[in-house]
Colleague: 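Pasting a structure below so you can have a look.
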Amino acid sequence: MSRNEPAKPSNFIREMVLEDLRTNRFGGKVITRFPPEPNGYLHIGHAKAICIDFGLAQEFGGRCHLRYDDTNPTKESTEYVEAIKADVRWLGFDWGEHLYYASDYFEQLYEWAAELIKAGRAYVDDLPQEEMREYRGTLTEPGRESPSRNRSVDANLDLFKRMRDGEFEEGTKTLRAKIDMASGNLNLRDPVMYRIRKVPHHRTGEKWCIYPTYDWAHGQSDSIEGITHSICTLEYEDHRPLYDWFLAELGIHHPQQIEFARLSLSHTVMSKRMLLELVEEGRVSGWDDPRMPTLAGLRRRGYTPEAIRDFCERIGVAKADNVVDIAHLEHCLRDDLNRRAERRMAVLRPLRLVIENYPEGKVEEMEGVNNPEDSSMGTRRLPFSRILYIEQDDFRESPPPKYFRLAPGAEVRLRYAYIVKCTGVLKERSTGEIVEVRCTYDPATIGGDAKGRKVKGTIHWVSAAHAVEAEVRLYDHLFLKPRPDEEEDWKTCLNPDSLQVLTGCKLEPSLKGDAPGSRYQFERQGYFCVDSKDSRPGHPVFNRTVGLRDTWAKIERAEGG
RNA sequence: UGGGAGAUCGUCUAGCGGUAGGACGCGUGGCUCUGGACCACGUAGCGGGGGUUCGAAUCCUCCUCUCCCAGCCA
């Protein structure tokens, strides 16, 4: 409608769906699914897939199923099932009644497999694993047909039944599709449909000892659920011919598989293997360590689902390999938190500031706005007194050029309070360390009104007598290099300062006893949240979610400071 | 050297034969009781060679480079 509105960015998947809608290919329906294997935690890469799967369904008035691809009982557990549900919900999506498990379809899958056997399209193979590999050939040489390949239908049926009945040991038999051992696509060289695993399944228990492979289970599960668009990542591209083959042979509802490029993020790793290694070696405190790219980690770090969804929208969807700069994610976060987080004052590295001409014992209450972006968020009272804490960084004995903060003889505004002028410092005799800054205040400037004076700097403060003590954890990128997995040894570029723990931080009293997860902007510093695991009454712990943009730090860095 | 896919500002992404646009980042300026936010401006790109066309990022062709596949993982 409005001509200035930039066109909503589309992507190739949306356009394919639109085209299918136009041609009425699936009767006007859009049914997608998010199909995690319950064998690990979801990360930001999954969030992209979730946003695409659920987002498309939402957009076109369809629905998206949550379906667990639980075909490999040796790796899966209900613990992951629950964690994944929680993460998807937290991200803001709802599968309604449509929670499914591939394991619900085991019986149907078995029947269809028998059907393929009867059609001469599948056979029981005796080849052990290593031999099967040899028979498969290589990327450049065709494979050879297994000696079992031309068994009779009856023999195959009988053997298959006995596989199910547990007559054979693990690894001694498989059911394979009979396709083409010479295909250039290795997936078509008689792929395995069933393998024997004499292990209980987290849902079917002891009922089965043969389990379908991904290739055999996935497309058929999609079909059963009436999925129209089966969206997955690029590595499944050459599985599509097999996906299509099974469905065509069975003559059942045939969804469209569409592949997109998975998300990579700079300054972190996303592979399950690497994340697991970080956890197991204690490089991080767990899957929900705030430095982890897992949804659990991001949540604990203080990320909002809105910011993550916005990010997924902004990065787009395409087929080219990509690595998105983590700064992009952080931008989306700040953008969201700036609008929603209440402001607070907190001194992370305290330095005593004594106002020499302010009466001892006097306490005034200053009014601070909770969010300058949204006046409906109200105001709060801040106790002010003679002895305050300010940030160590906000005082320099010999200030560099363009330093707007406190320095001997300089004036600065104490946010929401008074203009003060520095009169001197107290140092620790032996070390020369500055332990206290002295100043005088101008009573006429109450509330921070500079009365027409040009006071360039405004700093935050906390009244010493009223301060709440807290531990603050400063998090930074987990890796120093943008692409750790491209280093000789990815762990050599782990950021040794990815976590800095500060104790004895001084918070304004309104922060006392806040609920875990509460998010704030600590003015001039960044966004912080109450840690959901370690914070407790009497010992608050805050996590830095992300810092504010810091132009001054940039200037200092540029000048070699 | 088999099969599949891909290549557009530093990064992500649009473009569908008609002026290469947006976002992030970066830079400059403005504004500001957060050196935040916000506003304005700027920076910078079609992998290469041929061809078709009045006109090519887009169509054809050859080449180069990158990614995926040899699990009874997903």
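Order of the sequence lines sets the chain letters (A, B, ...), proteins ahead of strands, with each chain counted from 1.
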Colleague: Using Watson-Crick or G-U wobble geometry with both distances under 3.5 Å, which nucleotide pairs with B/rU1?
Modeller: none
Colleague: Rounded to the nearest 0.5 Å, what's the gap from CG on A/L348 to OH on A/Y389? Could you check?
Modeller: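 Reported value, rounded in 0.5 Å steps: 14.0 Å.
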Colleague: On a whole-Å scale, what distance lies between the P atoms belonging to B/rG4 and B/rA23?
Modeller: 39 Å
Colleague: Students often get this wrong, so: under 4.0 angstrom with heavy atoms, is A/E141 touching a base, only sugar-phosphate, or nothing?
Modeller: nothing
Colleague: To the nearest angstrom, how far is A/I326 atom CD1 from B/rU11 atom P?
Modeller: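 Taking atom P of B/rU11 as the reference, CD1 of A/I326 is at 17 Å.
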Colleague: Is a donor-acceptor contact shorter than 3.5 angstrom present between the side chain of A/Q525 and the base of B/rU34?
Modeller: no
Colleague: With a non-hydrogen cut-off below 4.0 angstrom, is A/N187 in contact with a base, only sugar-phosphate, or nothing?
Modeller: nothing
Colleague: Which value, in whole Å, describes the distance between the C1' atoms of nucleotides B/rC16 and B/rU8?
Modeller: 15 Å
Colleague: When you measure from the side chain of A/T32 to the backbone N and O of A/D53, does any donor-acceptor pair fall under 3.5 Å?
Modeller: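 Yes, the answer is positive, given that a donor and an acceptor are paired below the 3.5 Å cut-off.
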Colleague: Check the distance between B/rG35's P and A/F395's CZ and give it to me in whole angstrom.
Modeller: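 Computing the A/F395:CZ to B/rG35:P distance gives 18 Å.
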Colleague: Rounded to whole angstrom units, what separation is found between the NE2 atom of A/H328 and the C1' atom of B/rC26?
Modeller: 14 Å
Colleague: Taking for each residue the nucleotide of RNA chain B with the nearest heavy atom, is it A/N11 or A/G137 whose nucleotide lies nearer the 5' end?
Modeller: A/N11
Colleague: Between A/R133 and B/rG71, is there a side-chain N or O to OP1/OP2 distance below 4.0 Å?
Modeller: yes
Colleague: Given A/D126 and A/R149, is the salt bridge (Lys or Arg N to Asp or Glu O under 4.0 Å) satisfied, shown in steps?
Modeller: CA-CA 9 Å; A/D126 301 335; A/R149 200 174 198 254; over 6 Å; no
Colleague: Is it the case that A/Q257 and A/E259 place a side-chain donor and acceptor less than 3.5 Å from each other?
Modeller: yes
Colleague: Within less than 4.0 Å of OP1 or OP2 of B/rG71, is there a side-chain N or O belonging to A/R136?
Modeller: yes
Colleague: When you compare B/rG55 with B/rA20, how far apart are their P atoms, in angstrom units rounded to a whole number?
Modeller: 16 Å
Colleague: Considering every strand and a 4.0 Å limit on heavy-atom distances, what is the contact class for A/Y403: base, sugar-phosphate, or nothing?
Modeller: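 Result for A/Y403 = base.
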Colleague: Any stacking of A/W552 on B/rG35, going by centres under 5.5 angstrom and planes within less than 30 degrees?
Modeller: yes
Colleague: Does a nitrogen or oxygen in the side chain of A/T71 sit under 4.0 Å from OP1 or OP2 of B/rA74?
Modeller: yes
Colleague: Looking across every strand, which nucleic acid part, if any, lies under 4.0 Å from A/E237 by heavy atom: base, sugar-phosphate, or nothing?
Modeller: sugar-phosphate
Colleague: Between B/rG10 and B/rG25, how far apart are the two C1' atoms, rounded to whole Å?
Modeller: 8 Å
Colleague: Find the distance A/L186:CG to B/rA5:C1' and express it as a whole number of Å.
Modeller: 15 Å
Colleague: Kindly label the base of B/rG71 as syn or anti, based on whether its glycosidic torsion lies within 90° of 0.
Modeller: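 That one's syn.
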Colleague: Applying a 4.0 Å non-hydrogen cut-off, can you work out what A/P482 is touching in the nucleic acid: base, sugar-phosphate, or nothing?
Modeller: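 Here A/P482 touches no strand at all.
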Colleague: If every non-hydrogen atom of A/P383 is compared with every non-hydrogen atom of A/W461, which pair is closest and at what distance?
Modeller: O-CZ3, 3.2 Å
Colleague: Please report the interatomic distance CG(A/L186) to CG(A/L188), rounded to the nearest 0.5 Å.
Modeller: 9.5 Å
Colleague: Can you name the one residue among A/T458, A/D550, A/D394 that meets side-chain hydrogen bond (donor to acceptor under 3.5 Å, both in side chains) with A/R524?
Modeller: A/D394
Colleague: Below the 4.0 Å mark, does B/rG36 have OP1 or OP2 next to a side-chain nitrogen or oxygen of A/T551?
Modeller: yes
Colleague: If only side-chain N and O atoms of A/K554 are considered, is one of them under 4.0 Å from the OP1 or OP2 phosphate oxygen of B/rC26?
Modeller: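 True: A/K554 side-chain N/O within range (under 4.0 Å) of B/rC26 OP1/OP2.
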Colleague: For A/R483 and B/rU11, is the shortest distance between a side-chain N/O and OP1 or OP2 below 4.0 Å?
Modeller: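 Checking A/R483 against B/rU11: no side-chain N or O falls below 4.0 Å of OP1 or OP2.
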Colleague: Please tell me if A/R197 has a side-chain N or O lying less than 4.0 Å from either OP1 or OP2 of B/rC72.
Modeller: no
Colleague: Looking at every strand, decide which applies to A/H239 at a 4.0 Å heavy-atom threshold: base, sugar-phosphate, or nothing.
Modeller: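 Base contact.
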Colleague: How far, in whole Å, is B/rU66 from B/rC59 if one measures between their C1' atoms?
Modeller: 24 Å
Colleague: Look up atom CD1 in A/I390 and atom NE2 in A/H460, then write down how far apart they are to the nearest 0.5 Å.
Modeller: 9.0 Å
Colleague: State the pairing partner of B/rC73; accept Watson-Crick or G-U wobble contacts with both distances under 3.5 Å, and report none otherwise.
Modeller: none
Colleague: Determine the contact category for A/Y416: base if any of its heavy atoms lies under 4.0 Å from a base atom, sugar-phosphate if only primed atoms, P, OP1 or OP2 are that close, otherwise nothing.
Modeller: base
Colleague: Would you say the ring centers of A/F542 and A/F528 fall short of 6.0 Å from each other?
Modeller: no
Colleague: Separation of A/F12 atom CZ from B/rU8 atom P, in whole Å?
Modeller: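 Atom CZ in A/F12 sits about 15 Å away from atom P in B/rU8.
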Colleague: Would you mind pulling out the nucleotide paired to B/rA57, Watson-Crick or G-U wobble, both distances under 3.5 Å?
Modeller: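 Here B/rA57 is not engaged in any pair, so there is no nucleotide opposite it.
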Colleague: Please measure how far the C1' atom in B/rC26 lies from the corresponding atom in B/rG45, and state the result in whole Å.
Modeller: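 Per the computed distance, 16 Å lies between those C1' atoms.
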Colleague: Which residues, if any, of residues 159-179 of chain A bring a heavy atom under 4.0 Å of RNA chain B?
Modeller: A/G171, A/T174
Colleague: Looking only at atom C1', what distance separates B/rC46 and B/rU13, rounded to whole Å?
Modeller: 13 Å
Colleague: Establish, yes or no, whether a centroid distance under 6.0 Å links the rings of A/Y236 and A/Y214.
Modeller: yes
Colleague: OP1, OP2 of B/rC24 versus side-chain N and O of A/H331: anything below 4.0 Å?
Modeller: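 Yes, because at least one side-chain N or O of A/H331 sits under 4.0 Å from OP1 or OP2 of B/rC24.
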Colleague: Using a heavy-atom cut-off of 4.0 Å across all strands, would you classify A/P128 as base, sugar-phosphate, or nothing?
Modeller: base
Colleague: If you compare every side-chain N and O of A/R14 against the phosphate oxygens of B/rU13 (OP1, OP2), does one of them come in below 4.0 Å?
Modeller: no
Colleague: So A/Y194 and A/Y110, would you call those rings parallel, tilted or perpendicular, with 30° and 60° as cut-offs?
Modeller: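 A/Y194 and A/Y110: perpendicular rings.
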Colleague: B/rU28 pairs with which nucleotide, Watson-Crick or G-U wobble, both distances below 3.5 Å?
Modeller: B/rA40
Colleague: Which base sits across from B/rG6 as a Watson-Crick or G-U pair, both distances under 3.5 Å?
Modeller: B/rC65
Colleague: Is the distance between the ring centroids of A/H331 and A/F311 under 6.0 Å?
Modeller: no
Colleague: Output the rounded distance in Å from CZ (A/R144) to C1' (B/rA70).
Modeller: 14 Å
Colleague: Return the pairing partner of B/rU11 with a 3.5 Å limit on both distances, Watson-Crick or G-U wobble; otherwise return none.
Modeller: B/rA23
Colleague: What's the CD-P distance between A/E235 and B/rG6, to the nearest Å?
Modeller: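 It is 15 Å, rounded to the nearest whole Å.
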Colleague: Remember a base hit wins even if backbone is also touched, and classify A/V455 as base, sugar-phosphate or nothing at under 4.0 Å, heavy atoms.
Modeller: nothing
Colleague: Give none if B/rU52 has no partner; otherwise give the nucleotide forming a Watson-Crick or G-U wobble pair with it, both distances under 3.5 Å.
Modeller: none
Colleague: Taking the P atom in each of B/rA44 and B/rG51, what is the distance between them to the nearest angstrom?
Modeller: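 B/rA44 and B/rG51 have their P atoms separated by 30 Å.
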Colleague: OP1 or OP2 of B/rA7 versus the side-chain N and O atoms of A/K319: is any pair under 4.0 Å?
Modeller: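 No, no such contact exists.
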Colleague: Hey, does the side chain of A/R549 come within less than 4.0 Å of B/rA37's phosphate (OP1/OP2), counting only N and O?
Modeller: yes
Colleague: Round to the nearest Å and state the distance from A/K454 atom NZ to B/rU32 atom P.
Modeller: 16 Å
Colleague: For B/rC16, give its Watson-Crick or G-U wobble partner with both distances under 3.5 Å, or none.
Modeller: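 Base partner found: none.
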Colleague: Under 4.0 Å, heavy atoms only, any strand: does A/E15 hit a base, just the sugar-phosphate, or nothing?
Modeller: base
